[in-house]
S.K.: 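First the structure, then my questions, so here it is.
Computed from a predicted structure; not experimentally measured. Naming: A, B, ... by sequence-line order, numbering from 1 per chain.
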Amino acid sequence: MDKRLPREFFERDVLDVAPDLLGKYLVRRFDSGDIHRFQITEVEAYRGEEDKACHAAKGRTKRTEVLYSEPGTIYVYLIYGMYWLLNVVTGEKDCPQAVLIRGVKEISGPGRIGKFLKLDASFYGESFLISDRLWFEDSDDKPLYKTTPRIGIDYAGEWRDLEWRFVVDEDSK
DNA sequence: ACAAAGATCCGT
DNA sequence: CGGATCTTTGTA
């Protein structure tokens with residue numbers, strides 16, 4: 001059976017998709033053919049042009065173009081000249097939203113995930129719905145989680161304090 | 001054309 | 001706490 005998360009999963013508001021991704025599996029098929037599954041433990045939501053922390057706050061540019069495309073599309077970008085951060089586009093087409101994958105069970109930190117999964121610019125615009133090297137799979141786990149403000153966005157003014165970071169609560173497992 | 005900052009990580 | 005390292009964006 002196909003456990004890959006379908007378009008309908010991502011075609012919802014980012015604030016619904018983000019917590020639902022906790023406990024799901026991020027699956028990477030490397031060039032060698034080896035397939036690794038990583039259970040998601042930490043995510044953040046970035047929501048629309050109004051959200052000053054969202055890259056789409058700058059409007060439609062070459063970099064943010066993909067945020068306006070179909071739900072389930074891969075958004076990767078290089079930060080600090082060395083780390084590829086991984087996001088999945090959510091919501092209706094033309095509503096720029098994305099979930100940042102910040103942590104999985106074996107790896108803490110969005111920059112380290114990109115390094116471990118060998119991500120690069122070639123993933124930009126690819127789709128999690130049909131890719132043969134990067135996708136999400138369902139899981140029966142419904143872990144309890146806590147919310148906190150997002151990390152590293154102190155510049156975002158009133159949007160800084162919104163608790164749009166979702167972290168699996170280990171204590172409750 | 002140039003300068004500045006960034007959804008980070010690591011070593012000191 | 002500062003350096004690495006380079007793309008994107010704002011300003012001229």
S.K.: Using the ring-ring contact (aromatic ring centres under 6.0 Å, His included) rule, collect all pairs that involve residues 6-25 of chain A, keeping only residues at least two apart or in two chains.
M.R.: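 Passing the test, one end in residues 6-25 of chain A: Phe10(A)-Phe136(A).
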S.K.: For Glu44(A) and dG6(B), what is the distance between atoms CD and P respectively, to the nearest whole Å?
M.R.: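 Value for this atom pair: 15 Å.
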S.K.: Do the side chain of Asp141(A) and the main chain of Pro143(A) share a donor and acceptor less than 3.5 angstrom apart?
M.R.: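 Side chain of Asp141(A) to backbone of Pro143(A): no pair is present.
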S.K.: Kindly say whether Gly23(A) contributes a backbone atom to a donor-acceptor pair with the side chain of Gln39(A) at under 3.5 angstrom?
M.R.: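 Checking the backbone N and O of Gly23(A) against the side chain of Gln39(A), a donor-acceptor pair under 3.5 Å is found.
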S.K.: Between the side chain of Gln97(A) and the main-chain N/O of Val14(A), is any donor-acceptor distance below 3.5 Å?
M.R.: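 A pair under 3.5 Å: yes.
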S.K.: How close or far is atom P of dA7(B) from atom CZ of Arg150(A), stated in whole angstroms?
M.R.: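 One finds 11 Å between P of dA7(B) and CZ of Arg150(A), rounded.
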S.K.: In whole angstroms, how far is the C1' atom of dC6(C) from the OH atom of Tyr80(A)?
M.R.: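 My rounded result for the distance is 13 Å.
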S.K.: What's the closest nucleotide to the Met82(A) side chain, out of dG6(B), dA4(C), dT8(B)?
M.R.: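 My answer, after comparing the listed nucleotides, is dA4(C).
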S.K.: Give a yes/no verdict on base stacking between dA7(B) and Tyr46(A): centres under 5.5 Å, planes within less than 30° of parallel.
M.R.: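 Yes, Tyr46(A) stacks on the base of dA7(B).
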S.K.: For Gly59(A), is there any backbone N or O sitting under 3.5 Å from a side-chain donor or acceptor partner on Thr64(A)?
M.R.: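 Side chain of Thr64(A) to backbone of Gly59(A): a pair is present.
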S.K.: Tell me which residues in residues 156-165 of chain A lie within less than 4.0 Å of DNA chain C, going by non-hydrogen atoms.
M.R.: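 Heavy-atom contacts with DNA chain C come from no residue of residues 156-165 of chain A; none.
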S.K.: With rounding to whole Å, what would you report as the distance between dC2(B) and dT5(C) at their P atoms?
M.R.: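 Comparing P positions in dC2(B) and dT5(C) gives a spacing of 22 Å.
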S.K.: Expressed as a whole number of angstroms, how long is the span from Tyr155(A):OH to dG6(B):C1'?
M.R.: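 Rounded to the whole Å, the gap is 7 Å.
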S.K.: Within the distance-only criterion (no hydrogens, no angle test), does the side chain of Glu106(A) pair as donor or acceptor with the backbone N or O of Phe38(A) below 3.5 angstrom?
M.R.: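 Judged by distance alone, no pair lies under 3.5 Å.
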S.K.: Could you write out each protein N or O paired with an N or O of nucleotides 8-12 of chain C at a distance under 3.5 Å?
M.R.:
residue: dT9(C); atom: OP1; partner: Thr61(A); partner atom: OG1; Å: 3.1

S.K.: For dG6(B) and Tyr77(A) - does any side-chain N or O of the residue sit under 4.0 Å from the phosphate oxygens OP1/OP2?
M.R.: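 So the side-chain polar atoms of Tyr77(A) never come under 4.0 Å of the phosphate oxygens OP1 or OP2 of dG6(B).
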S.K.: Regarding Arg150(A) and the six-membered ring of Tyr46(A), is the cationic atom NZ or CZ under 6.0 Å from the ring centre and inside 45° of its axis?
M.R.: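 Arg150(A) over Tyr46(A) ring: yes.
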S.K.: How would you list all residue pairs meeting salt bridge (Lys or Arg N to Asp or Glu O under 4.0 Å) that involve residues 72-100 of chain A, not counting sequence neighbours?
M.R.: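 Qualifying pairs, neighbours excluded: Arg60(A)-Asp94(A).
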S.K.: Establish, yes or no, whether the cationic atom of Arg133(A) lies under 6.0 Å from the six-membered ring centre of Phe123(A) and within 45° of the ring axis.
M.R.: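 Yes.
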S.K.: Look for any protein N or O under 3.5 Å of an N or O in nucleotides 10-12 of chain B and output each such pair with its distance, or none.
M.R.:
residue: dC10(B); atom: OP1; partner: Arg112(A); partner atom: NE; Å: 3.4

S.K.: Enumerate, in order of first residue number, the stems that involve DNA chain B, defined as 3 or more consecutive Watson-Crick or G-U wobble pairs with both distances under 3.5 Å.
M.R.: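 Paired runs of 3+ in DNA chain B: B:1-6 with C:6-11, B:8-11 with C:1-4.
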S.K.: How long is the line joining CH2 of Trp84(A) and P of dT5(C), in whole Å?
M.R.: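 Computing the Trp84(A):CH2 to dT5(C):P distance gives 16 Å.
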S.K.: Quickly work out the Ile151(A) CD1 to dT8(B) P distance and round it to whole Å.
M.R.: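 Distance check: Ile151(A) CD1 to dT8(B) P gives 8 Å.
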S.K.: Between Ile79(A) (CD1) and dA4(B) (C1'), how many Å, whole number?
M.R.: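 For the pair Ile79(A) CD1 and dA4(B) C1', the rounded distance is 13 Å.
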